[in-house]
Amino acid sequence: MLPLRYIACIPLGAKALVQKTIRDLAFNENGKITISLLTRTNKNNEEIFYARFLVPQDKKHLNQDGIYKIESLKTKDEGEAILKAQVRYGQICSELQQDRILKG
């Protein structure tokens with residue numbers, strides 16, 4: 001397993017989720033990370049994969065969450081999570097090119 005870049009606790013009501021960056025999947029021409037794979041430990045103590053996508057500065061007005069979009073990949077399998085993250089990033093790029101607001 002690759003070394004972790006950071007670990008954060010995210011408050012969720014009375015419980016806290018532990019979030020870990022597992023790996024960075026893609027970079028843009030400036031060297032910024034465009035897709036990161038994360039895990040979050042849910043209340044059942046299961047690690048679920050999430051993806052964090054970079055939204056370009058000139059398109060961040062189309063994302064209500066700002067410069068990053070974080071979405072659950074709804075899987076515990078890393079291989080499946082990588083594939084889902086790459087497919088979703090393609091969808092996000094397509095939506096941004098059409099100036100559509102990112103929902104989620």
Side-chain angles (χ1 to χ4, degrees):
M1 182 179 279
L2 297 174
L4 301 176
R5 283 195 305 113
Y6 67 88
I7 298 175
C9 277
I10 301 169
L12 185 67
K15 306 214 185 294
L17 297 177
V18 176
Q19 175 177 297
K20 296 182 244 177
T21 298
I22 299 302
R23 95 170 39 169
D24 302 318
L25 300 177
F27 300 85
N28 67 11
E29 61 278 354
N30 299 326
K32 283 194 147 191
I33 301 163
T34 54
I35 308 172
S36 289
L37 197 60
L38 317 169
T39 61
R40 288 185 181 170
T41 305
N42 66 14
K43 62 185 176 186
N44 297 329
N45 224 14
E46 301 170 323
E47 285 195 344
I48 306 296
F49 282 94
Y50 282 73
R52 182 178 63 199
F53 306 103
L54 177 69
V55 177
Q57 286 283 358
D58 62 329
K59 299 286 186 175
K60 71 179 186 178
H61 64 281
L62 297 172
N63 183 28
Q64 64 186 9
D65 300 326
I67 196 160
Y68 290 105
K69 175 123 184 94
I70 299 176
E71 293 185 357
S72 173
L73 300 172
K74 297 182 176 112
T75 184
K76 298 178 202 171
D77 180 64
E78 186 173 353
E80 184 180 354
I82 291 169
L83 181 61
K84 283 183 170 189
Q86 292 168 335
V87 168
R88 180 62 182 132
Y89 187 65
Q91 293 169 342
I92 288 172
C93 289
S94 176
E95 290 175 22
L96 292 174
Q97 284 178 344
Q98 298 172 29
D99 287 328
R100 293 175 50 197
I101 294 174
L102 298 177
K103 296 180 182 173

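Quick note: residue numbers are just sequence positions, from 1.
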Check: Leu102 and Glu71 side chains under 4.5 Å, non-hydrogen atoms
no
Which value, rounded to the nearest 0.5 Å, describes the distance between Leu73 atom CG and Thr39 atom OG1?
11.0 Å
May I ask you to test the Ile82-Arg23 pair for a side-chain heavy-atom distance under 4.5 Å?
yes
Test item: Ile70 and Arg52 side chains (from C-beta on) under 4.5 Å apart, heavy atoms
yes
Ala85 to Phe53 - nearest heavy-atom pair and separation
O-CE2, 3.4 Å
Let me confirm one number: the CG-CD1 distance from Asn63 to Ile92, rounded to the nearest 0.5 Å.
8.0 Å
Between Asn30 (side chain) and Lys32 (backbone), is there a donor-acceptor pair under 3.5 Å?
no
Considering only residues two or more places apart or on different chains, which pairs with a residue in residues 90-99 satisfy salt bridge (Lys or Arg N to Asp or Glu O under 4.0 Å)?
Lys59-Asp99, Arg88-Glu95
Assess the residue pair Leu54 and Tyr68 against the criterion (side chain to side chain contact (heavy atoms under 4.5 Å, CB included)); give the C-alpha distance rounded to whole Å, side-chain angles, the decisive distance to 0.1 Å, and a yes or no.
CA-CA 5 Å; Leu54 177 69; Tyr68 290 105; 3.7 Å; yes
Within this structure, what is the CG-CD1 distance for the pair Asp77 and Ile48, rounded to the nearest 0.5 Å?
11.5 Å
Rounded to the nearest 0.5 Å, what separates atom CZ in Phe27 from atom OG in Ser36?
7.5 Å
Sequence neighbours excluded, which residues qualify as salt bridge (Lys or Arg N to Asp or Glu O under 4.0 Å) partners of Glu46?
Lys76
Nearest 0.5 Å, please: how far is NZ in Lys69 from CD1 in Ile67?
14.0 Å
Using modelled atom types only, decide if a donor and an acceptor are shared between the side chain of Thr34 and the backbone of Ala26 within a distance under 3.5 Å.
yes
